Every structure is written in structure tokens, then in C-alpha cells.
Amino acid sequence: MNKKIIVFSLVIMLAAMPALAYADILRVVPTDKEHTGMAIITEATSELTATVTANGKTVADVWLVLIVDQATYAGLNSITLSGTDGPTSIDTSDPWSAALTSGRLPEETDTHAVAVPTPYPGCTVPQTNYQVAAVISQMSQVHEDVISVRYILVYGFDWVDKQNNRVFTVTVESSTRVNMLVLGQGMEGDTAVLNENTPFSGSTLMVPEVGTLLLGLGALAGFALFITLRRKSQKLPL
């Protein structure tokens with residue numbers, strides 16, 4: 001019995017470690033739904049906010065990951081960005097990815113980036129990229145027929161912190177439909193590559209982070225271990 005509890009406790013604590021090491025604090029959310037909305041654009045023009053959730057933390061070199069479903073891309077004329085520190089206009093002549101149905105995005109060293117005003121620095125994987133299947137699942141909430149997506153990386157902001165949110169506007173011109181997911185990556189601390197990324201949702205209340213859940217289970221397992229050892233030292237029945 002004791003060995004089972006010890007092993008369970010170790011498994012929980014080890015599982016929680018990656019979530020603790022990569023507790024992302026960067027968010028990109030709809031401006032009018034900062035605490036609950038996913039950054040999915042379904043209208044021609046949408047206003048988003050880039051922010052940081054922790055006091056005293058700064059995320060630098062924020063890149064935006066613009067993802068569209070294949071139907072949106074098929075009719076895409078242009079994407080206009082207003083309020084960012086990077087490119088102001090993107091179209092299908094820029095280096096979009098191929099249509100993806102599996103794998104992860106972006107890549108550790110990625111060529112699907114608009115190198116204005118600086119080349120894409122790369123990111124840590126898999127901590128700061130996304131499963132394509134998960135992206136498709138999110139975008140299928142808007143249109144059930146999503147089976148593939150394309151993405152492009154654009155420079156967003158020199159820096160963002162909790163006291164200095166960055167509000168920006170994305171305008172999508174497509175002759176078919178608009179279904180775009182906007183995610184973010186950035187640098188926090190001493191790093192040469194992007195080590196922060198945004199979750200699909202801006203909510204920190206409705207859906208607990210995996211690390212929070214694991215920590216709670218770890219605490220319960222640790223308490224159970226303490227009680228077991230205490231009873232053993234006192235020679236009390238379990």
C-alpha cells in the first residue's frame with residue numbers, strides 16, 4: 001500500500017513539472033471578451049488584445065501565429081494588421097504553410113514567416129507550439145467542415161506586460177468565409193528563442209490549467225503519503 005502511494009505521488013509530481021516550467025503568461029484575446037473568449041475571428045474586422053497575466057513579467061519579441069482554415073485561404077485576398085509593430089498587410093504571395101492535417105505548428109525552425117522587421121527566431125518545442133489536430137478542433141467550433149489549416153507567422157510587438165496591453169485590429173478579406181485563429185509566441189527571461197505561447201482560450205477561471213490540476217492531485221497524494229507514514233510510525237492500523 002505504501003509503495004503504491006509513493007509511486008503515485010512521484011508520477012503526479014513529475015507530470016506537473018513540465019507544466020510548472022512552462023507556465024505561459026502571454027495571452028491574445030478578443031478585446032471585448034478578455035476573460036472568456038478564444039481569439040477566433042469570424043468577422044471581417046476584429047479587435048484583439050495582447051496582454052501578460054503576471055505582474056512584474058515582460059514578454060518580448062511577440063510573434064503572432066495567424067491560422068486560417070482551407071476554405072478561408074481559398075478565397076483570401078488580404079489580411080490587414082493595425083496597431084502592431086510588424087507588417088501591416090499579408091496576402092497569399094507571402095510564405096504560408098501548406099495545408100496541414102496533422103503534426104505541430106509552428107516548427108522549431110520555421111520558414112513560414114514574414115521577416116519584417118526581423119527574422120523568426122525559432123521556438124522551443126513541443127512546449128511552445130500546437131498540435132494541428134487541436135487547432136482543427138478549435139476552428140471546427142465555427143465551421144464543422146474544417147479538415148485542414150494553413151498558418152503564417154508575423155511579428156507582433158516589441159514587448160508586452162500586464163500594465164501595457166497592446167490592442168490591435170485584424171481585417172480579413174476573403175471571398176469565401178472568415179475563420180481565423182490568432183495565437184501568440186514570445187520571449188520571457190534570458191532566452192534566444194520564443195519560450196512563451198498563448199493558450200487557445202484567454203480564460204483562467206472556467207477551465208483550470210493542467211499544471212494547476214496536477215498540483216492539486218500532487219498535494220492530495222503527498223498528504224496521503226504523510227498520513228500513511230505517520231500511522232506507520234505510531235503503529236496504528238491503516
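As the structure is a prediction and not an experimental result, all values here were calculated from the model.
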[X] versus [Y]: any side-chain heavy-atom pair under 4.5 Å?
X	Y	result
Gln185	Glu196	no
Phe168	Asp85	no
Glu188	Ile25	yes
Thr124	Leu194	no
Leu153	Val114	no
Ser148	Thr101	yes
Val52	Val59	yes
Ile90	Val154	yes

- prompt: Side chains of Tyr120 and Glu107: donor-acceptor distance under 3.5 Å anywhere?
  reply: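 Absent: no donor and acceptor within the cut-off.
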
- prompt: Looking only at side chains, do Thr45 and Thr171 share a donor and an acceptor under 3.5 Å apart?
  reply: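 Yes, because at least one side-chain N or O of Thr45 sits under 3.5 Å from a partner of the opposite role on Thr171.
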
Treating Ile, Leu, Val, Met, Phe, Trp and Tyr as nodes and any side-chain heavy-atom pair under 4.5 angstrom as an edge, say whether [X] and [Y] lie in one connected cluster.
X	Y	value
Trp159	Val62	no
Leu100	Ile136	yes
Leu64	Val167	no
Val149	Val125	no
Phe200	Leu105	yes

Give the minimum heavy-atom separation between [X] and [Y], together with the two atoms involved.
X	Y	answer
Ile79	Val170	CG2-CG1, 3.9 Å
Asn77	Ser175	ND2-N, 4.3 Å
Ser46	Ile41	OG-CG2, 3.4 Å
Ala50	Val160	O-CG1, 3.6 Å
Ala192	Pro121	O-CB, 3.9 Å
Pro95	Ala113	CG-O, 3.3 Å

task: Verify side chain to side chain contact (heavy atoms under 4.5 Å, CB included) between Thr51 and Asn164, making sure each step is shown before the conclusion.
output: CA-CA 7 Å; Thr51 186; Asn164 296 275; over 6 Å; no

Working for side chain to side chain contact (heavy atoms under 4.5 Å, CB included), residues Thr42 and Val142: CA-CA 8 Å; Thr42 58; Val142 179; 3.6 Å; yes

Hey, could you give me the [atom1]/[atom2] distance between [X] and [Y], rounded to the nearest 0.5 Å?
X	Y	atom1	atom2	answer
Ile67	Met180	CD1	CE	9.0 Å
Glu47	Thr169	CD	OG1	5.0 Å
Leu48	Thr84	CG	OG1	11.5 Å
Leu183	Tyr151	CG	OH	12.0 Å
Thr128	Asn197	OG1	CG	5.5 Å
Ile152	His112	CD1	NE2	9.5 Å

- prompt: Within the distance-only criterion (no hydrogens, no angle test), does the side chain of Arg27 pair as donor or acceptor with the backbone N or O of Thr198 below 3.5 angstrom?
  reply: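 Side chain of Arg27 to backbone of Thr198, a donor-acceptor pair under 3.5 Å: no, none is there.
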
Any donor-acceptor N/O pair, Thr176 side chain to Ala71 backbone, under 3.5 Å: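 Judged by distance alone, yes, a pair lies under 3.5 Å.
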
field: Cation over ring face, Arg166 and Phe157, 6.0 Å, 45°
entry: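 Negative - Arg166 is either too far from the ring of Phe157 or too far off its axis.
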
message: Evaluate Asp145 against Ile147 for side chain to side chain contact (heavy atoms under 4.5 Å, CB included), listing each step before the verdict.
response: CA-CA 6 Å; Asp145 62 349; Ile147 59 173; over 6 Å; no

field: Within residues 54-69 or reaching into it, pairs that qualify as side chain to side chain donor-acceptor pair (under 3.5 Å) - sequence neighbours excluded
entry: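 Every side chain to side chain donor-acceptor pair (under 3.5 Å) pair that includes a residue of residues 54-69, provided the two are not neighbours, is Asn55-Gln163, Asp61-Tyr155, Asp69-Thr72, Asp69-Arg177, Asp69-Asn179.
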
task: Please name all residues satisfying side chain to side chain contact (heavy atoms under 4.5 Å, CB included) with Pro119, sequence neighbours left out, ordered by chain then number.
output: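 Not a single residue meets the side chain to side chain contact (heavy atoms under 4.5 Å, CB included) criterion with Pro119.
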
Residues in side chain to side chain contact (heavy atoms under 4.5 Å, CB included) contact with Ala133, at least two apart in sequence or another chain: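 Not a single residue meets the side chain to side chain contact (heavy atoms under 4.5 Å, CB included) criterion with Ala133.
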
Tyr73 ring center near Trp96 ring center (under 6.0 Å):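 Between Trp96 and Tyr73, which both carry aromatic rings, the centre distance is below 6.0 Å.
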
message: Is there a side-chain hydrogen bond (donor to acceptor under 3.5 Å, both in side chains) between Thr31 and Thr49? Walk through the geometry before answering.
response: CA-CA 5 Å; Thr31 299; Thr49 298; 2.9 Å; yes

